[in-house]
**Student:** 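Sending over a structure as structure tokens; questions will come in a sec.
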Amino acid sequence: MNQAPTSDRAPVAWSTSHLGRMPVEYELCMSLHWLSRLRWVAGGGVIVATWVANTLLGLGLNTLELYVTGVAILAYNVIFQRWLAKIQCDLTGISASARRLARVQIGVDWIAMASLIHFSGGIESPAILYFFFHTTLSAILLSARDTFLFTGLASLLLSTTAWLEYAGVLPHHHVKGLLPTELYALPLYVFSVLFFFASAVFVSAYLATRTTRRLRAREGEMVQLGQDLQRAIGQVAALYESAQAVSSTLELQEVLDRLTRSTASVMKVKGCTIRLLQETSTELCLASTYGLRDAYLQKGCLLVDQNPLVQQVLQGEIVAVPDISTDARLQYPAEAAAEGIRATLTAPLTGKSGPLGIIRVYCDRVQCFTSEDEQFLRAMASHGSIAIENAMAYEAIEHLEEAKRKFVLLVTHELRSPIGVVHSLLKTLAGGYAGSLSTVQNDMIVRALRRNEFLQTLIDDLLDVAAGKAGLRRTTQMAPVDLMTVVRRIHDRYQAAAVEKQIDFGLDLPEEATLTVAADDEEIDRAVTNLVSNAVKYTPSGGMVELTLERQAGAARLIVTDSGIGIPDNALPHLFEEFYRAPNAKEQVKQGTGLGLVITKDIVTRYGGSLRVSSALGKGSTFTVILPLMSEESPSDARPTDALSVSTGPSGVSMS
Ligand code: ATP
Ligand code: MG
């Protein structure tokens, strides 16, 4: 069983609660820098404006106090800059210190403003209007509550200054060049200015905060949408990856394991299981698991008729159990609790012909699954069902193939002995041991013998093909086989047939003493015999057949070439199909099973070799076998392999 993944789904996968604030916070942080830069202009502006108003315009301002105010603004801005330098503006969250800095900055600015107003005429000063800048700024930078607090503070500062000047507690600094008469002592004027200032500044604060709130809400929505989109893209990518992984194999167990593994890791849950419906449809038994301990998994199959939750799922529903301690629908709640499971989500695996089983994810927190999780699991289950069904179909086909081959093996095997008996009886008759025969009778017996021999060959070939394909030969004990000996033996064997057909039958062996492959002597003999027998069989009288054996890097190459009937181009791709015989071969030689090359191909490829054919119709054919040589150090180098690739060209077929 697989190792449990770390269950950290809450903060990473789907949580969005902390994300909506990020851009606003980032903006606040950036605005603090901007405000600080603006303050250099404001401080410098106060100094320059005081100088211009007094020197050039002759307004008669209190220059010293105003210069001090300007310098104070510049001085405290240096401190704020240092503070600000310690605050990082990035998107990974922002500190409360940035908010605190914003509040302190605006508060200190407010006091500087009050001082500026006081020294530039108090209630008569046109600088009062500057409060509106800061009201708008605080609406942008701070919360609505803070903005209204600061607006109240502005009104309070202005009213206090006006009242203290009116009461004579603070001296009034009248700007002579601006107003011909002093108005600060007129109660109605003071009251009107304060009233209109307070109402205007509060209305501005209200409008600015309202607009900011709406903008922030929009921004929040956009962030949320962005998050949703991001998550959806993540899920689609995860689905795609898992679909690829799951569909890239047809091995049922591998498909199931990949499905549980990818579902658990994408959903970041504690574990995942797949249970498949048994043939009786009454039980759902474990087929694959990920992340859960064996102790929990050994609790047995789920009984469909005793499990209402499973029944619901098998009817096509996705069923969530948000808290297993309060839900009576689980069949093994105690075992689940002991495993640390707190919530489950189960989806049906449905094939074309009905339910296949269920897929279930397990979480170690209650209320763990959202509707998005349900949708995601449904998607995983539906593409998983297709992959499972394909793998099941493939498995069924494989079983069928296997059964077919075993059947052929059995039948041919059983046919062998009666045919052997018939053969020896016919031989006895033909030999005259059962009485003398007339010429006609003898003729008939000889024909029957020939037919019987063909039947025997056919059965031998069928047995070979079936044995090879059923994998029965894979257990063959390998031993060093000298190819020179095998080729020489087969050449001797076919010498008589070649002489009878007046075929020039050549043999070209290398200089060296031996060429050894790790194989079964009988099989190698059979593979080479099939090629040589074809060459002799399909070469008319007076033709040529040549066997050449040579060494090439780490391998032996056997070339069987003839000047026979050749193979038509369109027959080449079918040459290694069972029972296939080219039309020209059928015409020339009546008897043949079309199994010889199939057997040769099977043997050669199992020993890690390759077989290549090239032919020209009416001119002859060349079959080239390459077999890996047994290395002296490691005899296992020439281990059989199942790998087979076939490529065809206009005049050749090769396999390796
Ligand atoms: P058997 O199974 O009895 O050997 P077969 O010779 O017809 O019958 P294979 O040895 O499998 O079957 O060969 C398949 C077909 O390939 C042949 O029927 C023939 O058409 C073609 N063939 C193989 N070798 C040659 C060759 N040397 N020259 C021409 N055709 C060949
Ligand atoms: Mg043959």
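Both counts, for ligands and for their atoms, begin at 1 and track the order of listing.
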**Student:** Set out, in order, the CA-CA distance, both residues' side-chain angles and the distance that settles salt bridge (Lys or Arg N to Asp or Glu O under 4.0 Å) for Arg447 and Asp443, then state yes or no.
**Tutor:** CA-CA 6 Å; Arg447 272 166 56 200; Asp443 239 33; 5.4 Å; no

**Student:** Please walk me through it: do Lys537 and Asp562 pass salt bridge (Lys or Arg N to Asp or Glu O under 4.0 Å)?
**Tutor:** CA-CA 10 Å; Lys537 188 159 71 173; Asp562 65 59; over 6 Å; no

**Student:** Restricting to non-hydrogen atoms, name the atom on Lys586 and the atom on Arg581 that form the minimum distance, rounded to 0.1 Å.
**Tutor:**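 Nearest heavy atoms, Lys586 then Arg581: CE-O, 3.5 Å.
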
**Student:** Where do Cys272 and Ala264 come nearest, in terms of heavy atoms and distance?
**Tutor:**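 Of all heavy-atom pairs spanning Cys272 and Ala264, the closest is CB-CB, 4.0 Å.
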
**Student:** List every atom of ligand 1 that sits less than 4.0 Å from any heavy atom of Ala582, numbering the atoms from 1 in the order shown and giving each element.
**Tutor:**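 Going through ligand 1 atom by atom, the ones under 4.0 Å from Ala582 are 18 (O), 20 (O).
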
**Student:** For the Mg ion (ligand 2), does an N/O/S atom of Asn534 lie at less than 2.8 Å?
**Tutor:**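 So Asn534 does bind the Mg ion (ligand 2) by this criterion.
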
**Student:** How far is atom 14 (C) of ligand 1 from the closest protein heavy atom, and which atom is that?
**Tutor:**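 Heavy-atom neighbour on the protein nearest atom 14 (C) of ligand 1: Tyr580 O, 3.6 Å.
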
**Student:** Looking only at non-hydrogen atoms, which of Ala535, Gly596, Gly594 approaches atom 8 (O) of ligand 1 most closely?
**Tutor:**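 Ranked by closest heavy atom to atom 8 (O) of ligand 1, first place is Gly594.
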
**Student:** Does the residue Lys586 have a heavy-atom contact with ligand 1, meaning some pair of atoms that are separated by less than 4.0 Å?
**Tutor:**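 Not so, Lys586 does not reach ligand 1.
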
**Student:** Could you check atom 16 (O) of ligand 1 against the protein and tell me its nearest heavy-atom contact, residue, atom and distance included?
**Tutor:**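 Here the closest protein heavy atom is Leu575 CD1, 3.4 Å.
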
**Student:** Would you mind checking which non-hydrogen protein atom is closest to atom 7 (O) of ligand 1, with the distance to 0.1 Å?
**Tutor:**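 Heavy-atom neighbour on the protein nearest atom 7 (O) of ligand 1: Arg581 NE, 2.6 Å.
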
**Student:** Between Leu597 and ligand 1, find which residue part has any heavy-atom pair under 4.0 Å and reply side chain, backbone, both or neither.
**Tutor:**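 For Leu597, backbone and side-chain atoms both sit under 4.0 Å from ligand 1.
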
**Student:** What I'd like to find out is whether the side chain of Leu509 reaches to under 4.5 Å of the side chain of Leu547, using heavy atoms alone.
**Tutor:**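 They are not in side-chain contact.
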
**Student:** I need the nearest protein heavy-atom contact for atom 2 (O) of ligand 1: residue, atom name and distance, please.
**Tutor:**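 Looking only at protein heavy atoms, the one closest to atom 2 (O) of ligand 1 is Thr593 OG1, 2.4 Å.
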
**Student:** Which of the atoms in ligand 1, numbered in the order shown and given with their element, are less than 4.0 Å from a heavy-atom of Leu595?
**Tutor:**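 Going through ligand 1 atom by atom, the ones under 4.0 Å from Leu595 are 2 (O), 11 (O), 12 (O).
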
**Student:** With distance as the sole test, does Lys501 use its side chain to make a donor-acceptor pair with the main-chain N or O of Val536 at under 3.5 Å?
**Tutor:**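 It does hold such a pair.
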
**Student:** Quick check: does any side chain N or O of Glu389 sit under 3.5 Å from a backbone N or O of Lys352, one acting as donor and the other as acceptor?
**Tutor:**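 Side chain of Glu389 to backbone of Lys352: a pair is present.
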
**Student:** Taking the basic N atoms (NZ, or NE/NH1/NH2) and the acidic carboxylate oxygens, is any pair closer than 4.0 Å for Arg275 and Glu283?
**Tutor:**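 No, Arg275 and Glu283 are not salt-bridged.
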
**Student:** How far is atom 25 (C) of ligand 1 from the closest protein heavy atom, and which atom is that?
**Tutor:**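 The closest one turns out to be Tyr538 CD1, 3.6 Å.
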
**Student:** Please answer whether the main-chain N or O of Asp508 pairs with a side-chain N or O of Glu550 as donor and acceptor at a distance below 3.5 Å.
**Tutor:**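 No; judged by distance alone, with no hydrogens or angles, the pair does not exist.
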
**Student:** In terms of atom number and element, which parts of ligand 1 are under 4.0 angstrom from non-hydrogen atoms of Asp461?
**Tutor:**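 Ligand 1 atoms under the 4.0 Å threshold to Asp461: 2 (O).
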
**Student:** Report, as yes or no, whether the 6.0 Å neighbourhood of atom OH on Tyr240 holds more than 12 heavy atoms from other residues, nucleotides or ligands.
**Tutor:**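 No, the 6.0 Å shell around OH holds no more than 12 heavy atoms from other groups.
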
**Student:** May I ask whether Gly564 has any heavy atom positioned less than 4.0 angstrom from an atom of ligand 1?
**Tutor:**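 It does not, in that no heavy atom of Gly564 comes within the 4.0 Å cut-off of ligand 1.
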
**Student:** Would you mind reporting whether Ile490 and Asp525 have side-chain heavy atoms less than 4.5 Å apart?
**Tutor:**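 Yes - at least one pair of side-chain heavy atoms lies under 4.5 Å apart.
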
**Student:** Please list the nearest protein heavy atom to atom 23 (C) of ligand 1 with its residue and the distance rounded to 0.1 Å.
**Tutor:**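 Here the nearest protein heavy atom works out to Asn534 ND2, 3.4 Å.
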
**Student:** What protein heavy atom is closest to atom 27 (N) of ligand 1, reported as residue, atom name and distance in Å?
**Tutor:**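 Ranked first by proximity to atom 27 (N) of ligand 1 is Asp562 OD2, 2.9 Å.
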
**Student:** What atoms of ligand 1 come within less than 4.0 Å of a heavy atom belonging to Ile567?
**Tutor:**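 Heavy-atom distances to Ile567 below 4.0 Å select 29 (C), 30 (N), 31 (C).
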
**Student:** Heavy-atom contacts with Ser621 under 4.0 Å: which atoms of ligand 1 show up? List them by number with element.
**Tutor:**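 By the 4.0 Å cutoff, the relevant atoms are 26 (C), 28 (N), 29 (C).
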
**Student:** Mark the output for Phe623 as yes if a heavy-atom distance to ligand 1 is under 4.0 Å, and as no if none is.
**Tutor:**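 Within the 4.0 Å threshold, so yes.
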
**Student:** Could you tell me which atoms of ligand 1, counted from 1 in the order shown, lie closer than 4.0 angstrom to a heavy atom of Ala585?
**Tutor:**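 Listed by number with element: 18 (O), 19 (C), 20 (O).
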
**Student:** State plainly whether the residues Arg606 and Asp602 are in salt-bridge range, i.e. N to O under 4.0 Å.
**Tutor:**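 A salt bridge links Arg606 with Asp602.
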
**Student:** Which of the atoms of ligand 1 are close to Lys537, meaning less than 4.0 Å from one of its heavy atoms?
**Tutor:**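 The list of qualifying atoms is 1 (P), 3 (O), 4 (O), 5 (P), 6 (O), 8 (O).
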
**Student:** Is Asn530 close enough to touch ligand 1? Criterion: a residue heavy atom under 4.0 Å from a ligand atom.
**Tutor:**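 So Asn530 does not count as touching ligand 1.
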
**Student:** For Asp461 and Arg526, run salt bridge (Lys or Arg N to Asp or Glu O under 4.0 Å): C-alpha distance rounded to whole Å, both residues' side-chain angles, the deciding distance at 0.1 Å, then the answer.
**Tutor:** CA-CA 10 Å; Asp461 283 353; Arg526 193 161 181 79; 2.7 Å; yes

**Student:** Please list, in number order, the atoms of ligand 1 under 4.0 Å from a heavy atom of Gly592.
**Tutor:**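 Those of ligand 1 that fall under 4.0 Å from Gly592 are 3 (O), 8 (O).
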
